[in-house]
Amino acid sequence: MRWLDTLIPPPIVAVTLALCMWLSAPASARELASPALRLAVALALAIAGAAIAVAGSRAFKRAKTTTNPLKPQNASALVTGGIYRNTRNPMYLGVTLVLIGVSVWLWWWPAILGPIVFVGYITLFQIQPEERVLGTKFGTEYKAYCERVRRWV
């Protein structure tokens, strides 16, 4: 286990990256594209992302298992239905879509690094440690699920 594994809550990682994206993007970049179009696309991505993340969270709550990403060992059930039939990580996928929406709103190409960094960081320090724990805890059932459903999409 690496020292950063499941150390920083994913929402903190996402908000930190969104702030970095916002603070580094020059206001002049937003003048290059239609505000109405940028807003429409950004909102569509953010709303879709929020809906996907909420669907994942609700599935965990229905299964009465933990939604705390810092303690994957507290998982009491393997959730494979609903949105989890399409992606093993809908909450992280949803947050990624929200960050992509922010980058569209900012209309500054380096802002796309925020979602890319989020995916890399979350995969390495959150998803992979979770997968190790779930593989140990749920064994062949989890392995079969991983073979059936992709990590992201």
Side-chain angles (χ1 to χ4, degrees), residues 2-72 75 77-134 142 145-153:
R2 296 167 299 233
W3 74 276
L4 275 175
D5 285 357
T6 67
L7 179 68
I8 303 171
I12 300 296
V13 175
V15 168
T16 301
L17 288 168
L19 282 172
C20 289
M21 292 161 60
W22 186 268
L23 293 173
S24 64
S28 59
R30 291 186 283 284
E31 296 170 5
L32 299 175
S34 161
L37 178 61
R38 281 190 0 258
L39 180 62
V41 173
L43 278 176
L45 286 164
I47 290 168
I52 291 168
V54 167
S57 181
R58 292 181 83 193
F60 270 31
K61 287 184 187 343
R62 276 192 301 276
K64 295 183 172 78
T65 191
T66 184
T67 56
N68 182 352
L70 304 182
K71 304 261 186 219
L78 181 60
V79 181
T80 61
I83 189 90
Y84 287 91
R85 286 188 305 251
N86 305 101
T87 174
R88 295 195 320 252
N89 296 286
M91 291 180 257
Y92 304 140
L93 175 61
V95 171
T96 302
L97 287 174
V98 170
L99 287 172
I100 293 170
V102 171
S103 70
V104 167
W105 171 250
L106 294 172
W107 203 255
W108 186 55
W109 73 265
I112 198 65
L113 292 175
I116 291 169
V117 168
F118 181 79
V119 167
Y121 180 91
I122 290 300
T123 299
L124 190 61
F125 296 113
Q126 191 64 47
I127 294 173
Q128 289 177 354
E130 288 174 0
E131 288 174 342
R132 287 192 295 273
V133 169
L134 295 174
Y142 183 70
Y145 173 63
C146 289
E147 290 171 359
R148 225 176 31 252
V149 178
R150 295 176 143 210
R151 181 182 280 162
W152 285 93
V153 253

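Here, residue 1 is the first one in the sequence, and each next residue gets the next number. Note that the structure is a prediction, hence the values are computed from the model and not measured.
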What I'd like to find out is whether the side chain of Tyr92 reaches to under 4.5 Å of the side chain of Thr87, using heavy atoms alone. no

Smallest heavy-atom separation, Met21 atom then Ala111 atom, equals CE-O, 3.4 Å

Any non-hydrogen side-chain atom of Val149 less than 4.5 Å from a side-chain atom of Thr80? no

Working to the nearest 0.5 angstrom, can you tell me the gap between Ile47 CD1 and Ile52 CD1? 12.0 Å

For Pro90 and Gly56 the tightest heavy-atom approach is CG-CA, 3.7 Å

Got a sec: does the CH2 of Trp107 have more than 12 other heavy atoms crowding it under 6.0 Å? no

Could you state the interatomic distance from CD1 (Ile8) to CD1 (Ile122), rounded to the nearest 0.5 Å? 9.0 Å

Pro72 and Thr6, any side-chain heavy atoms less than 4.5 Å apart: yes

Sidechain-backbone polar pair: Arg2 side chain, Asp5 backbone, donor-acceptor under 3.5 Å: no

Between Gly101 and Ala42, what is the shortest heavy-atom contact and its length? O-CB, 3.2 Å

Look up atom CG in Leu124 and atom CG in Leu4, then write down how far apart they are to the nearest 0.5 Å. 8.5 Å

Are the aromatic rings of Tyr84 and Phe60 close, with centres under 6.0 Å apart? yes

Identify the heavy atoms of Leu134 and Ala75 that sit nearest to each other, and give their distance. CD2-CB, 4.0 Å

Within the side chain of Gln126, is there an N or O that forms a donor-acceptor pair under 3.5 Å with the backbone of Pro10? no

Correct closest heavy-atom pair for Asn68 and Thr66 would be N-OG1, 3.0 Å

May I ask you to test the Leu70-Pro9 pair for a side-chain heavy-atom distance under 4.5 Å? yes

Verify, without hydrogens or angle tests, whether Ser103 (side chain) and Ile100 (backbone) share a donor-acceptor contact under 3.5 angstrom. yes

What one should report as the nearest heavy-atom pair of Arg88 and Tyr142 is NE-OH, 4.2 Å

Side-chain donor or acceptor of Arg151 paired with backbone N/O of Ile127 under 3.5 Å: no

Sub-4.5 Å side-chain heavy-atom contact between Trp152 and Val119: yes

